[in-house]
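Note sheet for the following structure.
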Amino acid sequence: MEYNFRDIEKKWQEQWQASGAYKVSNDSPKPKFYVLDMFPYPSGAGLHVGHPLGYIASDIYSRFKRLKGFNVLHPMGYDAFGLPAEQYAIDHGVHPAVSTDQNIKTFRRQLDNIGFCYDWSREIRTSDPSYYKWTQWIFLQLFKSWYNRRTKKAEHITNLVKIFEKEGNAGNEIPNDKFQVPKIGKRVFTAADWAGFTEKEQQDILMEYRLAYCGYGEVNWCEALGTVLANDEVVNGVSERGGHPVVKKKLRQWYLRITEYADRLLEGLERVDFSDSMKEMQTNWIGKSYGAEISFKVKGTSDLLTVYTTRPDTIFGVDFMVIAPEHDLIQSITTPEHKQAVEDYITYVKSRSERERMAEKKISGVFTGAYALNPFNGREIPIWISEYVLAGYGTGAIMAVPCGDERDHKFAQHFNIPITNIIGEHYDGKEANATKDAKLENSDFLNGMVMRNAMEVVINKIEELGIGVRKVNYKMRDAAFSRQRYWGEPFPIVWKNGIAYPLSESELPLELPHVESYKPGPEGEGPLANIAEWTSRDLETNTMPGYAGSSYYFLRYMDPHNATEFCSRKASDYWGQVDLYIGGTEHAVGHLLYSRMWTKGLYDLGFIAHDEPYKKLVNQGMIQGSSRFVYRIHGENKFVSLGLKDQYSTDAIHVDVNIVDGVELDIEEFKKWRTEYETAEFILEEGKYICGTEVEKMSKRLYNTVNPDDVVNKYGADTFRMYEMFLGPVEQSKPWETKGIEGVHRFLKKLWRLFYDELKGKVWNEEKASPAELKVLHKTIKKIEEDTERFSFNTGVSAFMVCVNDLIDLKCHKKEILEPLLILLTPYAPHISEELWHLVGNTSCILDAAYPRVNESYLVESSKEYPISVNGKLRTTIEIALDAPQGEVERIVLDNEVIKKWMEGKPHKKIIYVKGKMVNVVV
RNA sequence: GCGCAUGUGGUGAAAUUGGUAGACACGUCAGACUUAGGAUCUGAUGCCGCGAGGUGUGGGGGUUCGAGUCCCUCCAUGCGCACCA
């Protein structure tokens, strides 16, 4: 009886489906465990062997937890809205819904091949109206909410209206600190003001508070293509496709006020188990900095120039000011004799794309002719304009301290601006020194103070004198939440007289209409603007971005068929946080931050009981491609094997890895691969054509993709699963090498032969196990349990191999040993385990078995083969009883001939004896 | 430039707490069975050396009886951020 993996795997996959083996109930006395994969965008290219890596890891962990007695939620679905499907529609005329559906079918078939334990009855698709109904619903909750900075949480907007009616907004500052209420020209209004505003005026103010709000933002507009482009579709200021010019255009956009959650997003990182690099990326993205805003009087005017600085201690080292080219003050402060130069400079800056400005290393700028006055000593400071100061960060103006800041220093040198040294010998006149530990000089009342300590002193003084305030700044901007595209969730918003009104809950879902054309609407609006029945209802024409549907999908899985709520409170209370989230690092800041924010919003509004979605995050590494090359002799259709290629002038050509065995080219397949190679000739070495190799990204273009279907077909799903894990730690990136899979496949065959022999048939028996056999089993139980628990699946696989090798050596075919081993193996290789489980006489599903418990008493050793060192160098090993007293050990060691030899007759100085570890004799 | 991560045989890697470096595999070599093998099994396999032995975890230095593991320093690779004041 052979190990016939094809029949076995097909049989069990069908059986599991028929019996609903993976159906999960929300009602269970067992403790819960939630394992989640980052759900895929179903691309047309299908899966390659890199994609399932994380899915296999999570599948192993899910099955493991289930065996350990948990009620495990392990769902899967599709992030089905997105640009590629729309692009495909434009290029091929296939409706996105159709191509997406097709892609999902392929995806599902490929996933099913690998034998995952997903509860498919909970499948979701973000493009499904019954799903995006709730995306729209949550959007409306955010639209109807504001962030109360005093209670530090989201609250219903009606609370804010009540506050305004009672006391105006004096206690609840407008989040955007540049916004002024147009009617009164101030940021602060009274209850009486509020009562006097029209509905439009009131709504405009409320929009400034809403967590989902509408404003104006810049997009990349390409006139020639008549469309809005994403950042990565713009290269060097022109469109990636076609090379048409792209300009910045202000368009009405929706945003999420994620900046209000900046502090809580930072604080939450301390309570979750993410990798340090992941936390760091998010922390950098949020970019919190502490400092002060300081106002400088502009000489001879009533204007105030406000700068943001993190180094107020350097206030006496300010030699010039720099303001962004977009700064409002430019018009009023520029002196007549500098007007022309300033205008020319601003024109120049405007002509350049964001990308060009970022890439530019050249120093540029222009003097305005105006001077600011240092608030402490009245010193006149020239005000310059330069594009290295960004309008969007801080106040769009900086105080430049050349001796302490690299860019300021370069700027000063370039324009010959005299440099004041406030840090004495720490500044060498050639390069800026950003130290915080120098003692201040040339700094008036701060002289002699260490900079680090001076910061607080200056801020206090500034606040005392009323010339500035302590200020915290964030790099993070509010998240743009609209796309001028078709294939996304429609906004449940109606515009009447310039006011955005939410649709009522009963009108949801607002379904995406069918269109024949995906051309953009007028003035950069989305395709929905072309549909008369849509515009006639005054509906919003933008759609939501890709991350909308993925910001709460982990909640919907808990209660996927609920028609009255996005997720019942009972379900979310039961499942709570995702205990284990597995996915790639590419979503480090985008998806993870947005979904964390939505979770916090839903928590604040009382819809769920936890405010961090993911308890633990594991980032799987990328599987890289291992490319193969053939070497064609220049100008000929002749190919030379790797070892001989240096004798010729050759071109390296990528060859499909699937027609190469290891590094040996299958010449017949190669000839068939391309018609041009049909007549190719080959120069071989030792009768073989050897290919060159290189590790690159796995990509169709490089002919190094390997389809899991092919691997599964050849070796089976169990082999594939175990080999993916055997490759190395999940978190690590590594190249795929199909060749190595044989070792894992051999292991499964060896396991099979412990039960059934090709010649003898059944060899397993019901004899009583020996202590040696029990020791092998229990060592394995312990190791597998530990390794699986800490996601060390590669060492887990090798522990199985060691176990089977040991059992073969012991000629052990005993059910008493083999049966528990099958349970251990189930998470890794579910099909073969289930098959053998039934063959040894069980009738229930192996996943319902109890995980074997390690019995330490089988593992106790009475003696150990100690490594014995002399002066730290290993010289021999001696078998010594573990309970031998130190004196006894020393006597045995010193008596040993090998040790005596190495001691060369010298007396021992001391003997280090670590019980159960080693002995070291020092002479 | 800044930050983070990683450097171990021909290859993927292991060594969980400072205690026998290279487990487990791939590959390679030798052998067995065989009409045959890209099947299966056995053995060998870090490097130098006939051997005794020496040497070895990116380089250099340090702590320690003992360092892949801890500290300092330099180098290389990967990822992230990048005029963020």
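Residue numbers begin at 1 in each chain, while the letters A, B, ... track the order of the sequences.
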How far does the [atom1] atom of [N] sit from the matching atom of [M], given to the nearest Å?
N: B:C33; M: B:U40; atom1: C1'; answer: 8 Å
N: B:U20; M: B:A67; atom1: P; answer: 11 Å
N: B:G22; M: B:C71; atom1: P; answer: 25 Å
N: B:G19; M: B:G31; atom1: C1'; answer: 38 Å
N: B:C65; M: B:A82; atom1: P; answer: 49 Å
N: B:U16; M: B:A21; atom1: C1'; answer: 16 Å
N: B:U42; M: B:C47; atom1: C1'; answer: 26 Å
N: B:G58; M: B:U45; atom1: C1'; answer: 24 Å

Nucleotide forming a Watson-Crick or wobble pair with [N], both distances under 3.5 Å:
N: B:A67; answer: none
N: B:C83; answer: none
N: B:C50; answer: none
N: B:A30; answer: B:U42
N: B:G18; answer: none
N: B:G12; answer: B:C24
N: B:A5; answer: B:U77

With respect to the phosphate group of [N], does any side-chain polar atom (N or O) of [X] fall under 4.0 Å of OP1 or OP2?
X: A:R875; N: B:U20; answer: no
X: A:K739; N: B:U11; answer: no
X: A:K873; N: B:U55; answer: yes
X: A:Y308; N: B:A85; answer: no
X: A:K901; N: B:G53; answer: yes

Please report the distance, rounded to the nearest Å, between [atom1] in [X] and [atom2] in [N].
X: A:K779; N: B:C24; atom1: NZ; atom2: P; result: 11 Å
X: A:I868; N: B:G19; atom1: CD1; atom2: P; result: 17 Å
X: A:E865; N: B:G19; atom1: CD; atom2: P; result: 18 Å
X: A:E2; N: B:U40; atom1: CD; atom2: P; result: 11 Å
X: A:F791; N: B:U16; atom1: CZ; atom2: P; result: 19 Å
X: A:Y388; N: B:C84; atom1: OH; atom2: P; result: 10 Å
X: A:D787; N: B:C24; atom1: CG; atom2: C1'; result: 12 Å
X: A:E731; N: B:G80; atom1: CD; atom2: P; result: 18 Å

Could you say whether A:W285 or A:R477 is positioned toward the 5' end of RNA chain B, judged by the nucleotide with the nearest heavy atom to each? A:W285
Residue whose nearest RNA chain B nucleotide is more 5′ - A:R311 or A:K917: A:K917
What's the separation between atom CD1 in A:I56 and atom CE in A:M725, rounded to the nearest 0.5 Å?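 One gets 5.0 Å once the value is rounded to the nearest 0.5 Å.
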Atom NE2 of A:H48 and atom CH2 of A:W736: how far apart are they, to the nearest 0.5 Å? 11.5 Å
Closest approach to the side chain of [X], judged atom by atom: which nucleotide of [options] is it?
X: A:K734; options: B:G80, B:G12, B:C84; answer: B:G12
X: A:K749; options: B:A25, B:A15, B:U40; answer: B:U40
X: A:P729; options: B:G12, B:A14, B:A85; answer: B:A14
X: A:R790; options: B:A25, B:A85, B:A15; answer: B:A15
X: A:M281; options: B:A25, B:U16, B:G80; answer: B:G80
X: A:S798; options: B:C41, B:U20, B:A23; answer: B:A23

For A:F670 and A:Y689, I'd like to know if the aromatic rings sit close, meaning centre-to-centre distance below 6.0 Å.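 That pair fails the under 6.0 Å test.
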Under 4.0 Å between a Lys/Arg side-chain N and an Asp/Glu carboxylate O for [X] and [Y]?
X: A:D177; Y: A:K471; answer: yes
X: A:D313; Y: A:K436; answer: no
X: A:E664; Y: A:K739; answer: no
X: A:K782; Y: A:E856; answer: yes
X: A:K410; Y: A:E406; answer: yes
X: A:R628; Y: A:E737; answer: yes

Using a cut-off of 4.0 Å on non-hydrogen atoms, how would the nucleic acid contact of [X] be classed: base, sugar-phosphate, or nothing?
X: A:R746; answer: sugar-phosphate
X: A:K475; answer: base
X: A:Q732; answer: sugar-phosphate
X: A:P735; answer: nothing
X: A:N805; answer: sugar-phosphate
X: A:N794; answer: sugar-phosphate

Could you tell me whether the side chains of A:Y308 and A:S289 share a donor-acceptor contact shorter than 3.5 Å? yes
Can you see whether A:N805 engages A:K750 through a side-chain donor-acceptor pair at a distance of less than 3.5 angstrom? yes
B:G22: syn or anti, with syn meaning chi within 90° of zero? anti
A:K783 (side chain) and B:U16 (base): donor-acceptor pair under 3.5 Å: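 Under the 3.5 Å cut-off, the side chain and the base do form a donor-acceptor pair.
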Aromatic plane relationship, A:H587 with A:H591 - under 30° parallel, 30 to 60° tilted, over 60° perpendicular: perpendicular
Between protein and nucleotides 65-68 of chain B, what N or O pairs are separated by less than 3.5 Å?
from	atom 1	to	atom 2	distance (Å)
B:C65	O2'	A:N920	ND2	3.1
B:C65	O2	A:N920	ND2	2.7

